[in-house]
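A short write-up of the structure that comes next.
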Amino acid sequence: MTENPKHAISRPDPQEIRGFRHYPGWLGLEEQKALIETLRSVVTQAPLFSPMTPYGKPMSVRMTSAGRFGWISDRRGYRYSETHPDGQPWPAIPQPILDIWEAVSGTSRAPECCLINFYGEGAKMGMHQDRDEQDFDQPVVSVSLGDDGLFRIGNRTRGGKTESIWLRSGDVMVMGGEARLLYHGIDRVKPGTSPLMPKGGRINLTMRVVT
DNA sequence: AAGTAACG
DNA sequence: TGGA
């Protein structure tokens, strides 16, 4: 553990997994609770929706975004959009989320998108690459909240050996450098593993530089 | 194929 | 459960 003088909060050192930097328990319980409350107001302004894949099947994960850009998927493909499907601009990225980015991202650029994924019971996300951004030198930072999620990491192309790791509430993961384009996904969520989500479920935030 | 089925 |  190292001290963070700015907030006088002790933060964990990272563990490497396939080039991803995993910070187990980066956020304390009170920070997690506060963040979930903050997200409640974001979701009020930009309601969760179930994206349609370009192939006509809806994703099991519900999502929304904050920031200048949000990530969307529909019959026309995967892309970033400056507006929610309801036509409104996305809400601003809340400061506590920007603070996490500043602490771990290692870049001077600010995130332009905070994608908010909500995994209800049974929701999964298949193996994919984050490659809709313009600059792969910019990392993606992920924050886990709520129920545990089984995260799988593969390779730069499909196939080959993979590794799995349980992500827990408060964990932060930095996907950058050589690992930026690794395939990854969520196999399953363990229901009822977090008291923070009374109705259950897992929230994952991913911050990205889009342009 | 950011999905799902089948199979080892 | 993992990967095709």
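Since the model is a prediction, treat every value here as computed from it, not as a measurement.
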Quick one: label [X] by what it contacts on the DNA or RNA (base, sugar-phosphate, nothing), any heavy atom closer than 4.0 Å.
X        : answer
A/Asp132 : base
A/Ser73  : nothing
A/Gly56  : nothing
A/Met127 : sugar-phosphate
A/Arg79  : nothing

Would one find a side-chain N or O of [X] under 4.0 angstrom from OP1 or OP2 of [N]?
X        : N     : result
A/Tyr78  : B/dA2 : yes
A/Arg152 : C/dT1 : no
A/Arg188 : C/dT1 : yes

Atom-to-atom span, [atom1] of [X] to [atom2] of [N] - whole angstrom:
X        : N     : atom1 : atom2 : answer
A/Trp166 : C/dT1 : CH2   : P     : 8 Å
A/Met63  : B/dA2 : CE    : P     : 11 Å
A/Asp187 : B/dA5 : CG    : C1'   : 15 Å
A/Arg131 : B/dA2 : CZ    : P     : 8 Å
A/Tyr55  : B/dG3 : OH    : C1'   : 9 Å
A/Ile186 : C/dG2 : CD1   : C1'   : 15 Å
A/Arg158 : B/dA2 : CZ    : C1'   : 9 Å
A/Lys124 : C/dT1 : NZ    : P     : 11 Å

Among B/dG3, B/dA2, C/dG2, the one nearest A/Lys57 by side-chain distance: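 Of the candidates, B/dG3 comes closest.
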
Span that lies between the C1' atom of B/dA1 and that of B/dA5, in whole angstrom: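 These two C1' atoms come out 13 Å apart once rounded.
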
Nearest atoms (heavy-atom pairs only) where A/Glu178 meets A/Arg156: O-NH1, 3.6 Å

Exercise: do A/Thr206 and A/Asn117 side chains pair donor with acceptor under 3.5 Å: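 No donor-acceptor contact under 3.5 Å links the two side chains.
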
Residues, nucleotides or ligands: over 12 heavy atoms within 6.0 Å of A/Glu37 CD: yes

Test item: A/His84 side-chain N/O and A/Thr64 main-chain N/O as donor-acceptor pair under 3.5 Å: no

Row check, A/Tyr119 ring normal vs A/Arg202 NZ/CZ: under 6.0 Å, within 45°: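 Yes, A/Arg202 sits over the ring of A/Tyr119.
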
